[in-house]
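In what follows, chains are A, B, ... by sequence order, proteins preceding strands, each numbered from 1.
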Protein chains: 2
Amino acid sequence: MPWLSHATHNEVVNQICDRIWLAVVQRSLRPGARLKEEDLAEIFGATRARVRQALSILEQDGLVSLVPNRGACIAEPDIGEAQDAFSARLCIEQRLVTRLCRMATQDHIATLRAHVASERAAHDRQDSEAMIRLSGEFHLLIAKLTGADLLMKILRTLTIRTSLITAMYQPQSTQSCGPDEHARILDAIEARDEGRARAEMAHHMQHLETDLHLDEGTIPVSQLHAALKPNP
Amino acid sequence: MPWLSHATHNEVVNQICDRIWLAVVQRSLRPGARLKEEDLAEIFGATRARVRQALSILEQDGLVSLVPNRGACIAEPDIGEAQDAFSARLCIEQRLVTRLCRMATQDHIATLRAHVASERAAHDRQDSEAMIRLSGEFHLLIAKLTGADLLMKILRTLTIRTSLITAMYQPQSTQSCGPDEHARILDAIEARDEGRARAEMAHHMQHLETDLHLDEGTIPVSQLHAALKPNP
DNA sequence: GTCAATTTTATTGTCAACAATGCAGACCGC
DNA sequence: GCGGTCTGCATTGTTGACAATAAAATTGAC
């Protein structure tokens, strides 16, 4: 079940989007990788029109960049865009936790606790796909529980952006944040401590961001290719 | 020049989006109004495929709702969605003015002052189309000056949403906010007073929101039809 | 041997005809 | 006369073929 499902769209299109996203966060599709419409169509057993729809959605989400008459490739966000994305997430997520502090019911807390438990389980059994999915879902779950539909939709695309950035700039080792920080955020929410919740969220975001190697040294793959003039 | 231009898309598509948006904010297209693809294609001298692209974009912006196999109509955001939209705008715009307080150059201030002057000019000559455009552009200009590309993109779609809401729930008289509140926000930015800037922005948003008649009494046109079983 | 112009090829963008779907009105049984 | 079903129509959704475009390869001149 694609957690980035743009609910309203065709099921096939969602699947294509999800698979591409997954390939990116799992690093089997590198930033800059070319995405040929016809190939994708064959891979997914879909028509080119469907693939095109999917690519258009992924472009809006910032996962692929779409150059007219040149086709699509996995986007290569630079340092500035990376900072922008985390900054935007922080802005929105701080508001969400604040709201949740005020309005969370016992059910909400329980739901979140159960989610963190799933995260920990996935973490323990080294299921990296589940870890990645659940880790992102935690933030979306907060948005969902506050009932802020719009902010949730926005946060979803931001999450997609940051997951690309993470795959691009983060060393293989630390695939995704452990569930501990999520638990701390949840503690603050349960204690109805808005200030602490905001601070924990800020800490979490900062952690995500500083774990990256955003120094100029990290050159995206495709730029490397262009720079080295490879002879395939 | 469409201020909601989704830069990267076809020019014709942008034009269609813009004209539909304009018709909505000018209240010549009511919420719930049906948008037949073929008609639009003829009106704009475009093919159905192009119209379809435009409608898809407008759906993402929340201006039209797109029901599978049933076609498109102008969206009818309810009270909850309206509050959500303003809440999201406030969240983002407060962050933007805060950033601008810290980083605004004299050039930035001058640009904004010039913009407010244009707004006032449009106001004085009762040019309602210019007023609407410029009024929205002020907020986007702030985003642009902070250099936050992402937040600007997000804010653009939020602005589209709120302009629909305004057209839907605001009495004809107060077509758009006068330039005075924008000037006050700008004053605070120039004084580098973050707190005041945030407060002025909050005040501005609240003003926009409370000017609406969000009471249940205001029933969208199409819902009225459905409720009254008209006999055309 | 290298550079520039030209042809070739691979890929995307566009379109117009066709298929599928849902809705309205007519028809039939009750 | 009322409820349900069935057919015809209006509208959207899909597809495959074709046109436009940019990159790559080839050729020819210097």
With a 4.0 Å cutoff (strictly under), does any side-chain N or O of [X] reach OP1 or OP2 of [N]?
{"X": "A:Arg52", "N": "C:dT12", "value": "no"}
{"X": "A:Arg34", "N": "C:dA10", "value": "no"}
{"X": "A:Arg70", "N": "C:dT12", "value": "no"}
{"X": "A:Asn69", "N": "D:dA23", "value": "no"}

**Prompt:** Which one of B:Glu37, B:Glu42, B:Glu38 satisfies the salt bridge (Lys or Arg N to Asp or Glu O under 4.0 Å) criterion with B:Arg48?
**Reply:** B:Glu37
Between atom [atom1] in [X] and atom [atom2] in [N], what is the gap in whole Å?
{"X": "A:Glu38", "N": "D:dT15", "atom1": "CD", "atom2": "C1'", "result": "14 Å"}
{"X": "B:Glu59", "N": "D:dT12", "atom1": "CD", "atom2": "C1'", "result": "14 Å"}
{"X": "B:Lys36", "N": "D:dG13", "atom1": "NZ", "atom2": "P", "result": "14 Å"}
{"X": "B:Asp39", "N": "D:dA10", "atom1": "CG", "atom2": "P", "result": "13 Å"}
{"X": "B:Glu11", "N": "C:dG13", "atom1": "CD", "atom2": "P", "result": "17 Å"}

**Prompt:** Between C:dT12, C:dA16, D:dA22, which nucleotide has the shortest distance from any of its atoms to the side chain of B:Thr47?
**Reply:**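 It is C:dA16.
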**Side chain of B:Gln53 (C-beta onward), nearest among C:dG13, C:dT21, C:dT14** =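 Nearest to the side-chain atoms of B:Gln53, counting from C-beta on, is C:dT14.
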**Asked** Can you name the closest pair of heavy atoms from B:Pro77 and B:Glu81 and give their distance?
**Response** CA-OE1, 3.6 Å
Under 4.0 Å, heavy atoms only, any strand: does [X] hit a base, just the sugar-phosphate, or nothing?
{"X": "A:Arg48", "value": "base"}
{"X": "A:Arg50", "value": "sugar-phosphate"}
{"X": "B:Leu55", "value": "nothing"}

**Message:** Using the side-chain hydrogen bond (donor to acceptor under 3.5 Å, both in side chains) definition, which of the options A:Glu209, A:His139, A:Arg89 pairs with A:His204?
**Reply:** A:His139
**The single option from A:Asp149, A:Leu151, A:Thr146 passing side-chain contact (heavy atoms from CB on, under 4.5 Å) against B:Asp84** =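 By the side-chain contact (heavy atoms from CB on, under 4.5 Å) criterion, B:Asp84 pairs with just one of A:Asp149, A:Leu151, A:Thr146: A:Asp149.
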**Prompt:** Is the gap between the ring centers of B:His115 and B:His182 under 6.0 Å?
**Reply:** no
